[in-house]
Structure formats: C-alpha cells, structure tokens
Amino acid sequence: MERSCGILMPIFSLPSSYGIGSLGKEAYSFADFLKKSGRRYWQLLPLGPTSYGDSPYQSPSAFAGNPLLIDLWELVELGLLTPDDIKGREYGEDPSTTDYEKVIAQKNELLHKAFFSFKEDVSYLAFVQEQGWWLEDYSLFMAIKQKNELRSWLTWDKELKTRKPEALSAFKEENIEEIKFHRFVQYMFFTQWNKLKEYANKNGILIIGDIPIYAAMDSADVWVDPNLFTMDISLRPTLVAGVPPDYFSPTGQLWGNPLYDWDEMEKDGYSWWISRIDHAMRLFDMVRIDHFRAFDTYYAIPADASTAEYGEWKQGPGMKLFNEIKAQLGDVNIIAEDLGDIFDSVKKLLSDTGFPGMRVLQFGFNKEGSDNMHLSHNYPVNCVAYTGTHDNDTILGWLKSADGKSAKMAKNYINANILEHKNISFIRSVYQSPAALAIIPMQDILGVDGKGRMNVPSTVGGNWTWRLESDALTEELADKLKTMSVNSGRLED
C-alpha cells in the first residue's frame, strides 16, 4: 500500500431529495470531490439490506444489496417510473437526517411500481443466472418474510422454517411474482453499483467495502445453512456473538448473531466464507472485515443471557481459513478491524496474514495518560489510521464529552494551532503518522459535533441517520484537503 488517504462516507449518508443517499448523481459527485481533494480511497459501510434497527451490520443477507440505495431517477430514465411518481412524496422533513420509516414505505411502493413496468431482458437473465447461487434463496426468503409480516424465520410455520421441499415448491408457485420482485430489486442495485464503481475507478478512486464478520440471526444465510451456525436440532441458537465489557459499554455488547460452527465449516473447506470473500472482492477494491479478532478467538455468550458479561472466549479457525482463502482466491486486499481486547494470539494472526490492522487516534487519549498503540507516532506503516470510526463520537463531540484529563491530553498531543479548527489538527496528526493509509470520517473533515455521530454501540434507534448536506462539498474544502495531503506526503504535488 502506497502512502495515501481517503474518506469514510456511507452511501446512505449522501445528500438527496428522497430521504436517503443513493447510487445516483450525488454518489458520482462525491467521487468527483474525492478526486479534486486528492483522496485515493472511498471507504463505505456495509451495502447489504438493513432490517431491525436500520443497522448495516444486521442484514438479512451477506450477499444482497440494499434496496433503499437504488437511485429512483435511473428508474425514471429506464421508463419504469415517471417524475410524477417520485415527486411530492413524504420522504422525511429534515435533509440532514434519515427517517427510515418514511423512506422504507415510499421506496418499497415505488420499487414495486417499477417492477410491474419491467420487462425481463438478456442482461437481467444473465444476472439471475450468474448470481443464482445466493439470489434464489434470498429472494425466496424475503418473499416468505413478506408473507409473514416481516417476522423472523424462527417464527414461521414449521414446514417453511425447516425448508421442506414440498412446502417451498408450493410457496414458490403461489408467490412467484413477489419472488421475482426481489430478483428485480437486486438486479437494479448491482447494475447501479457496478456503474458507480467503474466511474470511481476510472477517476483513480479505489473503493473500500465493509463486511460484518457475523451473519444476522434473521437472515437467509442462517435459514439456508443452519448447520454452519451454533443452532440446536430445534433451530434455536445456543451461543451468540458479542464482546465483553469494554470502552463502549460497561456490560459488554450483546449482538445476538449466531456464532459459526467452525468445525462444520472446515469440513467443506470453508466454502461459505470463500464465496463471501470472493463476492466482496468482486464488488470492492479492498474489504474491511469488522471484528477480525474473532477469527483467532471469539466471545461466545449463552443465547439466553441478558447481557454480554457471561460469555467465554473460544478458539476460531485462525490461519486455516486464510490459507484456504489464499489457495482458492489468491492474495486478497483485506483490512483487519483489530480493535478492542486484543490478545497476543490475535496480533500473531494479523502478522501471519500480512493484512493491515487499524489505529484510531481517539482511542489514544485516556485518563491515565499512558502511551499506547493508538497515538499516531506509534503507528506502523502497515496499518490504516483513523480519527474515529462509525462507532465513535465525532472528534468535536468527543472533546465536549471526554473527561478533563483525556481532553487535556488530546489537546496537548495534537498541539492545535489557534488559527485552525481542532478537527483539522486531529486530522493532521493522523496524516503525519507513519501509517500507509489514513481514512477520515466525513463528519470529522467537516467539523461536525456530536449530532453527527453515526452509531452508539449497544443501542437501537436513532443510529445510522446522519446525512451530508448538499452544499458541504465546496471547492475551498477540496483545496484545503489536497494541500494537507501534499504536506503530509500522501499526494504528489
């Protein structure tokens, strides 16, 4: 990795007149801004469909794309909708935030309307055939879910829950249009995504994708292959994922995802993971894997536990998985999210893979004032450095809420110039570090306060709603960022 920089900016946080960011013109404009400002990387959050809590890290599929991100105007250009169809609807009143309830209702209705006007063509049929290995199960899963008022598959009738062939065949015959609707939606998503990625790449911008390490409990992945997860014979989870008490939560984080049965996965050469990484590498130029440490040792919590305080550490697949990935896919560009409680064995796994880990400047400041690996002068070259992540408060929000000693340590460390905003001083500290790649969240670049925080771990509701306002990406800002990149050796003058 050559010395360079980029911006963390989710697609759903882009501006638009329709309640949520999309794969439309504003995404292309953002790629243009990256180029003007000397950024080489655009890091995203997961692109999968969202469900309860609107979190991109809890998706009904490890392979599908988010229907809410489909650009409506492209559907107009294709003759599937009219301008009057999409105008005058209630997508939410505040352009700086996403009202998911309203967006979901409106987009679902419009996508169905577009589907009724759609005629299958050669491109569509090729997509369905090429992606059928995951698309057919996902489309069926979503159609059944729709019929069950979006309830979890764990509550479905036994025949559908356990995938009895006769029951599935009967359902397909009676609900073929709804199944086709979900195929159509995925075709539109990936067609639009591939065009956007091609445009970004042609302009010298590389895309960093993001995949959650765990599949959601209520997902097509677990429904189709429950034997790959910690489920009992009655299809109830026995152990679930999370992390013990940490920086983010005094009782830990109880995520609730079923854990992988790594012994079972090893029997067929980790084929599910091979498919997942292969799929991701076709979509992105580089992939960040969230909670990478769980490949070494993972935290297992009894499914009936009320908090994450009662789990225990278990052994993951380690290099056996990554040796198999390399054997089948060759060298892959992966960023390992190695934050949290990191054992020496996790560090060894990271070293053995050769993947860059992560460093987060905000974590470097603490009441004890002790030196640690998150202070920018300690960064190795082979890492990706951030001011904060999607789980952190913004830099300015953190400065307002941090304890006095931590805030004082931060201000002394960055040695802020009184003539510039503090967020710029934090960014400069990351840029001047030895890290090969520096990624800054868009909120920190703009100097947004705590109102711009993307997510508060272990909470549901009110997260993932921040949006960029349409006039934020100015020429002045692009010039300032470009100068900072040149001065820190992350861009040739």
Side-chain angles (χ1 to χ4, degrees), residues 8-16 18-22 44-61 66-69 90-108 142 145-146 148-155 210 212-219 237 240-243 245-258 290-291 301 303 305-309 388-394 396-398 400-401 441-443 448-469:
L8 171 57
M9 178 67 186
I11 298 289
F12 59 75
S13 291
L14 291 167
S16 84
Y18 307 103
I20 194 169
S22 78
L44 307 173
L45 294 184
L47 292 181
T50 56
S51 55
Y52 179 70
D54 308 311
S55 171
Y57 292 91
Q58 292 287 347
S59 177
S61 172
N66 188 347
L68 300 181
L69 305 184
E90 182 53 62
Y91 299 96
E93 298 175 0
D94 186 352
S96 67
T97 190
T98 296
D99 185 329
Y100 281 98
E101 184 176 358
K102 290 179 179 177
V103 168
I104 290 169
Q106 299 293 355
K107 278 216 161 178
N108 188 53
M142 293 303 295
K145 196 169 177 62
Q146 201 70 42
N148 282 270
E149 299 178 330
L150 301 181
R151 293 195 302 272
S152 166
W153 69 271
L154 297 172
T155 70
D210 191 328
I213 189 170
Y214 292 121
M217 182 76 74
D218 188 20
S219 67
V240 296
V243 291
D246 62 6
Y247 172 89
F248 291 112
S249 173
T251 59
Q253 298 176 45
L254 180 59
W255 299 335
N257 308 66
D290 193 55
H291 199 56
I301 306 165
S306 58
T307 75
E309 297 169 276
T389 74
H390 61 272
D391 283 335
N392 292 92
D393 201 344
T394 67
L396 295 188
W398 176 82
K400 290 179 181 178
S401 62
M442 193 71 229
Q443 296 96 312
V448 177
D449 63 16
K451 293 179 181 178
R453 183 168 186 167
M454 189 62 74
N455 178 52
V456 179
S458 296
T459 66
V460 176
N463 297 316
W464 319 108
T465 63
W466 178 82
R467 291 178 64 208
L468 181 70
E469 301 210 33

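Since the structure is predicted, the reported quantities are computational estimates derived from the model, not experimental observations.
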Visitor: Any donor and acceptor pair, going by atom type alone, linking the side chain of Thr394 with main-chain N or O of Gly397 inside 3.5 Å?
Guide: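 Yes; judged by distance alone, with no hydrogens or angles, the pair exists.
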
Visitor: Tell me every residue that passes side-chain hydrogen bond (donor to acceptor under 3.5 Å, both in side chains) with Tyr91, counting only those two or more places apart in sequence or in another chain.
Guide: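 Applying side-chain hydrogen bond (donor to acceptor under 3.5 Å, both in side chains) to Tyr91 gives none.
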
Visitor: Between Lys107 and Leu68 (side chain of the first, backbone of the second, donor and acceptor by atom type, cut-off under 3.5 Å), is there such a pair?
Guide: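 It does hold such a pair.
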
Visitor: For atom CD of Glu90, decide whether the heavy atoms of other residues, nucleotides or ligands shown that lie under 6.0 angstrom number more than 12.
Guide: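 Enclosed: over 12 neighbouring heavy atoms sit under 6.0 Å from CD of Glu90.
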
Visitor: Judged by atom type as modelled, is there a donor-acceptor pair below 3.5 Å linking the side chain of Asn257 to the main-chain atoms of Ala215?
Guide: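 A pair under 3.5 Å: yes.
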
Visitor: Mind checking whether Trp466 and Val448 have side chains closer than 4.5 Å, heavy atoms only?
Guide: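 Sidechains of Val448 and Trp466: in contact.
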
Visitor: Hey, could you give me the CG/CD distance between Asp54 and Glu101, rounded to the nearest 0.5 Å?
Guide: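 Reported value, rounded in 0.5 Å steps: 10.0 Å.
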
Visitor: Would you indicate whether the side-chain heavy atoms of Asp391 and Asn455 approach each other to under 4.5 Å?
Guide: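 In short, these two side chains touch, coming nearer than 4.5 Å.
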
Visitor: Going from CG on Leu44 to NE2 on His390, what distance comes out if it is rounded to the nearest 0.5 angstrom?
Guide: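 So the CG of Leu44 and the NE2 of His390 are separated by 12.5 Å.
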
Visitor: Could you pull out the closest heavy-atom pair between Pro46 and Pro212, with the gap in Å?
Guide: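 Residues Pro46 and Pro212, closest heavy atoms: CG-CD, 4.1 Å.
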
Visitor: Taking it one step at a time, do Trp464 and Thr98 satisfy side-chain contact (heavy atoms from CB on, under 4.5 Å)?
Guide: CA-CA 8 Å; Trp464 319 108; Thr98 296; over 6 Å; no

Visitor: Looking only at heavy atoms, which two atoms of Val460 and Gly53 are closest? And how far apart?
Guide: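 Scanning both residues, the minimum pair turns out to be CG1-CA, 3.9 Å.
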
Visitor: Check the pair Asp210 / Tyr57 against side-chain contact (heavy atoms from CB on, under 4.5 Å), numbers first and verdict last.
Guide: CA-CA 9 Å; Asp210 191 328; Tyr57 292 91; 2.8 Å; yes

Visitor: Could you give the distance from CZ (Arg467) to OG (Ser16), rounded to the nearest 0.5 Å?
Guide: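 Taking CZ in Arg467 and OG in Ser16, the distance rounds to 4.5 Å.
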
Visitor: Side chains of Pro67 and Pro49, heavy atoms from C-beta outward: is any pair under 4.5 Å?
Guide: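 They are in side-chain contact.
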
Visitor: Measure the spacing between CH2 of Trp255 and OG of Ser458 and express it to the nearest 0.5 Å.
Guide: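 Output value for this atom pair is 9.0 Å.
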
Visitor: List for me each residue that meets side-chain hydrogen bond (donor to acceptor under 3.5 Å, both in side chains) alongside Thr97, sequence neighbours excluded, and say none if there are none.
Guide: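 Partners of Thr97 under the side-chain hydrogen bond (donor to acceptor under 3.5 Å, both in side chains) test: Thr465.
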
Visitor: Please lay out, stage by stage, how Leu154 and Asp218 fare under the test side-chain contact (heavy atoms from CB on, under 4.5 Å).
Guide: CA-CA 8 Å; Leu154 297 172; Asp218 188 20; over 6 Å; no

Visitor: Only one of Gln443, Met454, Met442 passes side chain to side chain contact (heavy atoms under 4.5 Å, CB included) with Ser13; say which it is.
Guide: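 Passing option: Met454.
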
Visitor: Over 60° means perpendicular and under 30° means parallel, so tell me whether His291 and Tyr214 are parallel, tilted or perpendicular.
Guide: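 Judged by the thresholds at 30° and 60°, the geometry between His291 and Tyr214 is tilted.
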
Visitor: Give me the atom names and distance for the closest heavy-atom approach of Ala308 to Leu254.
Guide: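 In terms of heavy atoms, the two residues are closest at CB-N, 3.9 Å.
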
Visitor: Looking at Pro245 and Glu309, what are the two nearest heavy atoms and their distance?
Guide: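 In this case the closest contact between Pro245 and Glu309 is CG-CG, 4.2 Å.
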
Visitor: Working to the nearest 0.5 angstrom, can you tell me the gap between Leu8 CG and Leu45 CG?
Guide: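 Reported value, rounded in 0.5 Å steps: 5.5 Å.
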
Visitor: Under 4.5 Å between any side-chain heavy atoms of Leu47 and Asn66, yes or no?
Guide: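 No. Closest side-chain heavy atoms not under 4.5 Å.
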
Visitor: Do you know the tightest heavy-atom contact between Ser59 and Ser219?
Guide: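 Ser59 and Ser219 have their closest heavy atoms at O-CB, 3.6 Å.
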
Visitor: What is the distance from atom CE of Met217 to atom OG of Ser51, rounded to the nearest 0.5 Å?
Guide: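 Reported to 0.5 Å precision, the distance equals 12.5 Å.
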
Visitor: Under the criterion side-chain contact (heavy atoms from CB on, under 4.5 Å), I'd like the reasoning laid out for Tyr52 against Leu150: C-alpha separation, chi angles, the key distance, then a yes or no.
Guide: CA-CA 10 Å; Tyr52 179 70; Leu150 301 181; over 6 Å; no

Visitor: Would you confirm whether Asn108, through its side chain, and Ala105, through its main-chain N or O, come within 3.5 Å as a donor-acceptor pair?
Guide: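 Judged by distance alone, no pair lies under 3.5 Å.
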
Visitor: Test of understanding: with salt bridge (charged side-chain N to carboxylate O under 4.0 Å, His left out), list the residues that count as partners of Glu149, not counting sequence neighbours.
Guide: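 Applying salt bridge (charged side-chain N to carboxylate O under 4.0 Å, His left out) to Glu149 gives Arg151.
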
Visitor: Is there a donor-acceptor pair under 3.5 Å between the side chain of Asp393 and the backbone N or O of Arg453?
Guide: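 No, Asp393 side chain to Arg453 backbone: no donor-acceptor pair under 3.5 Å.
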
